[in-house]
Amino acid sequence: MPGRWKNNLKYSDVTPQADYINRRDLIAGAGVMAAMTIAGPALAKIATVPSEYSTAQAPNTLKDITSYNNFYEFGTGKDDPAKNAHTLTTDPWAVKIDGLVDRPGNYDLGDLLSGVTMEERIYRLRCVEAWSAVIPWVGFELATLLNRVGVQPSAKYVYFETLVRPGEMPGQKRALLKWPYREGLRLDEAMNPLTILATGLYGEDLPNQNGAPLRLVVPWKYGFKSIKSIVRISLVNKQPQATWNMQNPGEYGFYSNVNPNVDHPRWSQATERPIGGGLFSKRIPTQMFNGYGDQVAHLYKGMDLSQDF
Ligand code: MTE
């Protein structure tokens, strides 16, 4: 069924608590509401528990999150994705899952997500590049999907690719990067419960400029690891290619964990500029693993993160 993964809720329907609400809870909540015969604006009263990893920090506005983006397939300017990404057709959408898996296939996204969407949560996560934002994603653990397709014991890494469609992605008419955009994670990183696939934000379907209809979110790594508009997920046994690492291995490592102690060769990574505060907003200190050390530091035990950056 096309569009099966769509979230039913529109931002305009709900209060600012919208980032606590998803389709599953709306369905559950509707039942509760009927049973309790509570009068009044039902939607506003349905609040549910966000993912345990959600930060208490206030999210950025929908406008900030959808108007300041990196998505080179639509141009290199921060406002290019918002201007150009509407041309991308995201339904129907297929995701090829191949390599070291028990059930490979070219899956229709709706089929792939049926059942998985029941595990959707709201993840209000920090993300950092040179700037930072707090984004209320609708998503589910990548591990849920990987377990459904059956990861074989020889798999060591997960590789991801973005769509190549220059007719709809004007940036791909130029060799800005080697297309397709690609990324990779070590299997234990991919299986960590903080690694999610997002299908929405602020309770709505993902806007195209944010990587519709399916994108990765790895909040303890720099933003470029969070690959958008995914069409291929491969389980492999060797460290896969990753776009910025291929482009400039001296500047961008495979791991790209947020680390204020390891500078980029051309700039300090000790501080970040929160978006939404205007051009002159104060920079704030960047935290190791973007503040998610309790969840992920164990993955890198014994590694020298200034070498494996
Ligand atoms: N994915 C694709 N396919 N193409 C891109 O250019 N840019 C990356 C990442 N994913 C990018 C991508 C970078 S550099 C960042 S910082 C984040 O997307 C930005 O995500 P956002 O625009 O949703 O904040």
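As the structure lists them, so they are numbered: ligands from 1, and atoms in each ligand from 1.
- A ring pair (Phe, Tyr, Trp, His ring centres under 6.0 Å) with Y72 is found for exactly one of W244, F224, W179, namely W244.
- By heavy-atom distance, the residue among A133, S226, A85, G211 lying nearest atom 10 (N) of ligand 1 is S226.
- Contacts between K225 and ligand 1 below 4.0 angstrom, taking non-hydrogen atoms only, are absent altogether.
- Shortest contact from atom 17 (C) of ligand 1 to any protein heavy atom: G223 O, 3.5 Å.
- For ligand 1, the atoms lying closer than 4.0 Å to a non-hydrogen atom of E73 are 2 (C), 3 (N), 4 (N), 5 (C), 6 (O).
- Closest to atom 1 (N) of ligand 1, if we only count protein heavy atoms, is K228 N, 3.1 Å.
- Counting heavy atoms under 4.0 Å from ligand 1, residue Y181 touches it through the side chain alone.
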For this session: Would you sort out whether F309 and H264 count as a side-chain contact (heavy atoms from CB on, under 4.5 Å), showing the intermediate values?
Result: CA-CA 10 Å; F309 58 94; H264 185 281; over 6 Å; no

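- Checking T66, D64, N69, L177 against atom 24 (O) of ligand 1, the nearest heavy atom belongs to N69.
- Regarding atom 6 (O) of ligand 1, its nearest protein heavy-atom neighbour is Y72 N, 2.8 Å.
- With a 4.0 Å heavy-atom cut-off, ligand 1 is reached by the side chain of E129 but not by its N, CA, C or O.
- A salt bridge links K221 with E189; the closest basic N to acidic carboxylate O contact falls under 4.0 Å.
- Counting the atoms of ligand 1 from 1 in the order shown, those under 4.0 Å from a heavy atom of N70 are 7 (N), 11 (C), 13 (C), 14 (S), 15 (C), 16 (S), 18 (O), 19 (C), 22 (O).
- Remark: ligand 1 atoms within the under-4.0 Å shell around heavy atoms of T162 are 3 (N).
- A 4.5 Å side-chain heavy-atom check between L201 and P207 finds at least one atom pair inside the cut-off.
- When the shell of 6.0 Å around CZ of R283 is examined, it contains more than 12 heavy atoms from other residues, nucleotides or ligands.
- Under the rule for a ring-ring contact (aromatic ring centres under 6.0 Å, His included), the partners of Y68 that lie at least two apart in sequence or sit in another chain are W131.
- With sequence neighbours excluded, the residues forming a ring-ring contact (aromatic ring centres under 6.0 Å, His included) with F254 are Y157, listed by chain and number.
- Among the atoms of R215, some N or O lies under 3.5 angstrom from an N or O of ligand 1.
- Put simply, the side chain of F74 does not reach to within 4.5 Å of the side chain of N208, judged on heavy atoms.
- For Y222 and Y252, the ring centers sit 6.0 Å or farther from each other.
- Of the N or O atoms in W244, none lie within a sub-3.5 Å distance of an N or O in ligand 1.
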